[in-house]
Amino acid sequence: MVPSWVTGAAAGIVSLHLLQKLLFPYFWHDLRYLLKVIKYGLTVELYRLRGKIFTVLDRFVKQAERQPHKPFILHEGDVHTYQDVDRRSNRVAQVFLQQAALKKGDTVALLMSNEPDFIHVWFGVAKLGCVVAFLNFNVRSRSLLHCISSCEPKILVVGADMFGTLEDILPSLQKDIGVWVMTKDCTLPSVNTLLDKLEAASEDPVPVNLRSANNLKSSVLYIFTSGTTGLPKAAVISHLQILKGAAGLWAFGATADDIVYITLPLYHSAASLLGIGGCIELGATCVIRKKFSASQFWSDCKKYNVTVIQYIGELCRYLCKQPVLFFPFDLIKYDFEKDEPIRNKHGWCEKIKKGEAGLLISKVNAKNPFFGYAGNKKHTEKKLLCEVFKKGDLYFNTGDLMVQDQENFLYFWDRIGDTYRWKGENVATTEVSDVIGMLDFIQEANVYGVAVADHEGKVGMVSIILKPNKSLDLEQMYEHVVTYLPGYACPLFLRLQETMEMTGTFKQQKFRLMREGFNPSAITDPLYFLHSSKKSFVPLTKELHDKILSGQLKL
């Protein structure tokens with residue numbers, strides 16, 4: 001007999017759990033987040049008590065030592081590793097230490113757009129212990145002069161694309177401010193060039209004591225307000241505020257494997273503190289773009305394999321207002337054995353359900369024309385499907401079998417007919433068969449693609465029949481295919497058969513062979529594998545088969 005207090009306690013626990021789920025559904029998520037914040041705060045406090053302030057810049061230098069070759073900044077197709085940024089910022093520090101006589105506590109103003117050199121200059125002067133003022137490059141004339149004078153910089157660094165803005169303010173700029181432009185030459189009076197000096201500067205780090213911090217509340221940055229209630233004001237940013245900002249991505253679950261897309265201007269705290277600082281804290285990679293583009297946003301995400309994006313203001317509204325990049329398509333049922341679209345009793349094609357593989361077709365009309373192929377008209381005719389869903393309609397047959405998931409993402413599944421795709425290339429089975437048929441011991445060759453786990457597309461396989469009284473020369477077979485076929489078209493698997501099965505329309509049977517694949521435990525016919533290191537086709541054993549499936553043997 002269970003004591004009454006046990007059943008009562010159990011009932012109470014269940015009730016509390018249900019009450020928590022109902023009234024506080026995110027309690028455990030919030031608690032985990034709070035514990036992470038507390039842990040980070042305790043770490044910072046521990047450093048302070050030990051008399052050592054470990055700044056975000058210190059963290060960056062450590063990351064550059066720990067993972068020098070990992071990409072830190074991706075920009076316009078260029079990759080800047082942690083080591084690259086560390087070394088170039090060292091060059092900046094060396095130039096200003098020697099030629100501008102910057103010292104700890106001086107202020108440097110940056111008038112630069114989103115580019116890697118913004119970060120190089122920022123980190124470079126920070127390594128000298130200087131305070132950096134981020135100027136809004138959209139601000140002009142009187143407002144810009146006000147921002148510059150309010151932070152009292154010793155020097156002003158101007159990006160090459162800000163040259164016009166500099167020309168406008170230069171006559172009114174304080175004479176005691178040294179002006180440096182990110183170019184190799186300049187005709188403006190009393191303006192120094194930086195790019196040429198960086199090329200000649202040393203990559204050696206400057207003394208660490210120059211950047212060392214004694215107080216978490218000491219000023220590090222000036223970030224200007226937007227000026228909606230008068231002229232812009234310089235907000236003082238301390239080491240502590242940067243550390244808090246840098247912990248944001250980590251606290252919300254981002255990891256070192258993430259790629260963060262920063263389209264916001266770097267003079268903004270969200271981009272510089274949360275974005276750049278957050279990536280440094282994680283040791284992650286960031287993508288920076290000169291200017292936010294709603295039309296190019298998702299293309300960039302795809303190009304750079306972005307996993308985290310920064311949201312602020314109305315960014316999402318801008319993205320949602322973009323017109324759809326419209327491509328009219330349908331996925332229809334396909335008979336793999338007959339190698340043709342399936343038509344119902346009325347003669348119409350039918351659309352597939354989500355999650356099923358179907359033939360990708362696109363309607364041909366005035367907005368989506370198809371001009372055909374030069375030369376033989378039969379090639380054009382073979383790519384067109386007539387009366388697909390109704391009388392008179394016309395569709396382009398892409399030849400691709402695709403799958404659409406529940407979220408409407410499309411995935412390539414296979415090629416139809418006498419082609420398959422491997423290593424991103426389409427392979428014509430007839431061309432491969434013709435090449436293999438050149439060997440004097442081959443009577444017939446049937447080429448097809450087979451699926452391999454964790455590999456996109458299908459890898460080439462050939463089933464062959466030998467001529468009477470001829471033997472299979474595996475080394476000659478290897479030399480022949482690698483000589484006459486491109487790498488992606490070389491069949492990696494070979495199946496030796498006694499007879500070649502045909503379809504009802506007297507075509508080579510491929511579908512059953514494709515389904516059977518290359519498993520030596522399930523196929524009684526002799527199987528062989530194209531082994532590059534041994535420069536021959538070798539017997540495909542179970543051990544070799546397992547290595548291929550596990551990824552130990554690269555295809």
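- Aromatic ring centres of Phe134 and Tyr267: separated by at least 6.0 Å.
- For the residue pair Ser463 / Gln497, a side-chain donor-acceptor distance below 3.5 Å is found, with atom types taken as modelled.
- Heavy atoms of other residues, nucleotides or ligands lying less than 6.0 angstrom from CG of Asp454 number 12 at most.
- Among all heavy-atom pairs drawn from Asn114 and Pro265, the shortest one is OD1-CA, 3.4 Å.
- Nearest heavy atom pair, residue Cys279 against residue Phe72, reads CB-CE1, 4.2 Å.
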Steps toward salt bridge (Lys or Arg N to Asp or Glu O under 4.0 Å) verdict (Lys184, Glu199): CA-CA 10 Å; Lys184 290 185 178 180; Glu199 292 180 357; 3.0 Å; yes
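- Judged as a salt bridge (Lys or Arg N to Asp or Glu O under 4.0 Å), and not counting sequence neighbours, the contacts of Glu516 are Arg495, Arg512.
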Please evaluate residues Thr541 and Glu543 with respect to the criterion side chain to side chain donor-acceptor pair (under 3.5 Å), reporting the C-alpha separation (whole Å), side-chain torsions for both, the decisive distance (0.1 Å), and the verdict. CA-CA 5 Å; Thr541 62; Glu543 181 184 6; 5.0 Å; no
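- Separation of the Phe537 and His531 ring centroids does not fall under the 6.0 Å cut-off.
- Taking the ring centroids of Phe123 and Phe60, they lie under the 6.0 Å cut-off.
- If you check the side chains of Asp117 and His120, you find a donor sitting under 3.5 Å from an acceptor.
- Shown here for Leu530 and Pro491, the closest heavy-atom pair between the two residues is CD1-O, 3.6 Å.
- In this structure, Phe389 and Tyr395 have perpendicular ring planes: the angle between them is above 60°, well past the 30° mark.
- Judged by distance alone, the side chains of Thr165 and Asp168 never bring a donor and an acceptor atom under 3.5 Å apart.
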Kindly determine whether Leu540 and Phe493 satisfy side chain to side chain contact (heavy atoms under 4.5 Å, CB included), including the steps that lead there. CA-CA 8 Å; Leu540 181 60; Phe493 300 104; 4.0 Å; yes
Would you sort out whether Lys363 and Asp393 count as a salt bridge (Lys or Arg N to Asp or Glu O under 4.0 Å), showing the intermediate values? CA-CA 8 Å; Lys363 191 168 187 178; Asp393 65 11; 5.9 Å; no
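- Side-chain contact, Asn408 with Lys354: a donor N or O sits under 3.5 Å from an acceptor N or O.
- What you find for Tyr304 and Gly77 is that their closest heavy atoms are OH-N, 3.0 Å.
- Of all heavy-atom pairs spanning Ala271 and Ile262, the tightest one is CB-CG2, 3.7 Å.
- Summarising the geometry of Tyr261 relative to Arg289, their closest heavy-atom pair is OH-CD, 3.4 Å, with the distance given to 0.1 Å.
- Listed by chain and number, the residues in a salt bridge (Lys or Arg N to Asp or Glu O under 4.0 Å) with Glu498 amount to none (sequence neighbours excluded).
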Show your reasoning for whether salt bridge (Lys or Arg N to Asp or Glu O under 4.0 Å) applies to Asp84 and Arg88. CA-CA 6 Å; Asp84 293 336; Arg88 190 163 175 84; over 6 Å; no
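- None of Thr81, Val85, Val287 except one satisfies the side-chain contact (heavy atoms from CB on, under 4.5 Å) rule with Ile73; the exception is Val85.
- Classification of the Phe118-Trp122 ring pair by plane angle, with boundaries at 30° and 60°, yields perpendicular.
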Please report the C-alpha distance between Lys467 and Asp440 in whole Å, then the side-chain angles of each, then the deciding distance to 0.1 Å, and finally whether the salt bridge (Lys or Arg N to Asp or Glu O under 4.0 Å) criterion is met. CA-CA 8 Å; Lys467 289 180 179 178; Asp440 61 2; over 6 Å; no
For Gln443 and Leu466, what are the C-alpha separation, side-chain angles and deciding distance, and is it a side chain to side chain contact (heavy atoms under 4.5 Å, CB included)? CA-CA 5 Å; Gln443 177 172 305; Leu466 298 176; over 6 Å; no
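- Judged by the 6.0 Å distance and 45° axis criteria, Lys534 is not positioned over the aromatic ring of Phe529.
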